[in-house]
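Have a look at the structure below, then the notes.
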Amino acid sequence: MSKITTIRGMNDLPPEEVRVWNFAEEIIQKVFNSYGYEEIRFPIVEKTELFTRSNESADIVTKEMYTFEDKGGDSISLRPEGTAGCVRAAIDNDLIRVDSPRLWYQGPMFRYERPQKGRSRQFQQSSAEVFGIRSAEIDAELIILSSRIWKELGIEGNLNLEINNLGDEKTRKSYAKSLQAYFKAFEKDLDEDSRRKLDENPLRILDSKSESVQSLLKGAPNISEFISKDSEKEFNELTLLLGTAGIEFSVNQKLVRGLDYYNQTVYEWKTDQLGAQDTVCGGGRYDNLVEELGGKSCPATGFSIGMERLILLINETLDLSLENENIDLFFVCLSKESIQKAIMYSESLRENVSKLGIKINMGLEGAGSQFKKADKSGASFALILGDDELKNKTISMKGLRSKSDQETLSYEDLEKRIKKTYK
């Protein structure tokens with residue numbers, strides 16, 4: 001049988017890479033929890049209409065979703081993003097009616113697009129969503145929270161914040177008509193993708209990567225010309241709050257985000273360290289989505305971090321040497337009998353010392369080879385069981401992170417030492 005490889009764009013994470021992911025995920029979870037956000041979990045497969053109802057012209061719907069018919073004849077899709085699923089779960093579980101929940105989640109999303117650095121077909125996001133609060137203050141909290149994540153990770157100097165005000169639905173409609181009128185005069189100069197967006201959602205042309213389209217955008221009308229006084233006031237409140245909090249930002253009037261449900265405030269955290277895939281985190285308000293998905297009218301806002309890009313940025317900018325922190329003790333066993341004895345000793349130690357990580361070598365390699373494995377495991381101590389130790393009912397203990405001499409102890413003395421060390 002020929003070798004079976006992973007599906008293109010869906011990547012493995014070997015243990016060394018997982019350590020960096022764990023480092024990032026644990027910090028993100030800690031920050032979410034420290035702001036009073038609660039974790040929610042929901043399926044990776046949803047009814048297709050959940051994603052199509054509010055995003056008919058978005059690229060992830062028209063080009064990129066993994067959609068198929070199940071055995072019951074229903075159209076279902078692997079989730080291409082998390083917000084719609086989170087909204088659906090909040091409605092289904094009656095979270096919005098009884099509270100103004102602040103939620104977070106982590107997990108895989110799926111989009112069929114060309115794989116490249118920082119972009120996979122299965123990718124991970126860490127996200128926050130807030131329901132039931134319409135104010136500049138909650139938008140500021142989310143942006144400040146994301147900034148706190150960068151600080152805790154040690155990468156705050158490598159990310160820049162861009163924000164924009166998309167206004168309300170009336171603003172978007174007026175601006176869309178103005179963009180249509182402008183680009184109709186240059187329709188022959190637009191690429192195929194931009195011509196499609198011209199009829200479906202002209203605002204999406206602002207996000208085009210085409211150099212010719214970007215050149216045309218220099219003369220296009222700005223959305224600021226259509227913003228209502230109320231929207232402008234709320235946006236000014238946000239920028240004032242960010243300035244007071246010491247959050248540096250720039251206003252990018254071409255920033256629209258990739259999904260159709262955004263309104264009012266949108267933002268992206270970008271880096272110049274990763275080439276074209278420069279957006280690490282993006283978010284904004286989506287005040288109409290809850291009602292569009294069957295709930296009662298409810299303001300909402302949130303953001304998502306692209307974990308692959310975040311990990312790339314961490315690896316590019318931080319000098320991390322993360323060892324396996326799960327292993328404290330490594331048993332070096334020199335016979336089949338010593339392996340069996342190590343299993344019994346290990347269970348007794350785990351019973352008496354909580355959260356103790358113990359690994360038993362079961363390959364019966366030479367002592368030198370086993371000590372190399374012990375050192376590589378990240379363990380603090382090697383516990384040696386050879387013929388002499390079995391005969392005398394003792395265990396030898398050697399520090400792997402210090403130059404201390406090897407000691408031979410009774411099991412009772414070893415347990416006391418371990419309890420004292422890992423209390």
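The model shown is predicted, which means the values in this text are computed figures rather than measured ones. All residue numbers in this chain count up from 1 along the given sequence.
Atom CG of L349 sits about 6.0 Å away from atom CG of L414, to the nearest 0.5 Å. Between atom OH of residue Y261 and atom CG of residue L293 there is a gap of 9.5 Å, rounded to the nearest 0.5 Å. Taking CZ of R88 as the start and CZ of R79 as the end, the distance is 10.0 Å to the nearest 0.5 Å.
Using a distance-only test at 3.5 Å, with no hydrogens or angles considered, a donor-acceptor pair links the side chain of E81 to the main chain of T83. Not one N or O on the side chain of R285 forms a donor-acceptor pair closer than 3.5 Å with the backbone of Q264. Remark: side-chain polar atoms of S231 are not paired, donor with acceptor, to backbone N or O of I227 under 3.5 angstrom.
The existence of a salt bridge linking R102 and E129 is excluded, since no basic side-chain nitrogen approaches an acidic carboxylate oxygen closer than 4.0 Å. Checked for salt-bridge contact, E232 and K229 miss the test: no charged N lies under 4.0 Å from a carboxylate O. Looking at K47 and D74, no side-chain N of the basic residue comes within less than 4.0 Å of a carboxylate O on the acidic one, giving no salt bridge. Using a 4.0 Å cut-off between charged side-chain N and carboxylate O, E162 and K270 make a salt bridge. Using a 4.0 Å cut-off between charged side-chain N and carboxylate O, R417 and E415 make no salt bridge. Between K372 and D375 there is no salt bridge, since none of the side-chain N atoms of the basic residue sits less than 4.0 Å from a carboxylate O of the acidic one. R121 has no carboxylate O lying under 4.0 Å from a charged side-chain N of E64, or vice versa, which leaves the two without a salt bridge. A salt bridge does not link K117 to E308: none of the charged side-chain nitrogens sits closer than 4.0 Å to a carboxylate oxygen. Between D191 and R195 there is no salt bridge, since no side-chain N of the basic residue sits under 4.0 Å from a carboxylate O of the acidic one.
The environment of CD in E248 is sparse: at most 12 heavy-atom neighbours from other residues, nucleotides or ligands sit within 6.0 Å.
Residue S194 comes nearest to V213 through the heavy atom pair OG-CG2, 3.7 Å, listed as atom of the first residue, atom of the second, then distance. Across every non-hydrogen atom of S147 and I247, the tightest pair is OG-CD1, 3.4 Å. Minimum heavy-atom separation, P80 to M109: O-CB, 3.9 Å.
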Show your working on side-chain hydrogen bond (donor to acceptor under 3.5 Å, both in side chains) between S380 and D328 and close with a plain yes or no.
-> CA-CA 5 Å; S380 298; D328 302 300; 5.2 Å; no

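No side-chain heavy atom of F331 sits less than 4.5 Å from a side-chain heavy atom of K359. Residues E38 and F32 fail the side-chain proximity criterion, which asks for heavy atoms closer than 4.5 Å. A 4.5 Å side-chain heavy-atom check between I138 and T301 finds at least one atom pair inside the cut-off. At a threshold of 4.5 Å between non-hydrogen side-chain atoms, the residues R172 and D168 do not count as touching.
You'll find the ring centres of F42 and Y105 inside the 6.0 Å limit.
Side chains of K254 and N164: a donor-acceptor N/O pair is absent below 3.5 angstrom, by distance only. Looking only at atom types and distance, the side chain of D278 has no donor-acceptor partner in the side chain of T271 under 3.5 Å away. In summary, the side chains of E69 and S75 do not present any donor paired with an acceptor at a separation below 3.5 Å, with no hydrogens or angles considered.
For residues 14-34, the set of pairs meeting the side-chain hydrogen bond (donor to acceptor under 3.5 Å, both in side chains) definition, not counting sequence neighbours, comprises Q29-Q106, K30-E152, N33-W104.
Across L161, N158, I305, L313, a single residue satisfies side chain to side chain contact (heavy atoms under 4.5 Å, CB included) together with W150, and that is I305.
Ring-plane geometry between Y182 and F186 is classed as tilted, the angle between the planes lying from 30 to 60 degrees on a 0 to 90 degree scale.
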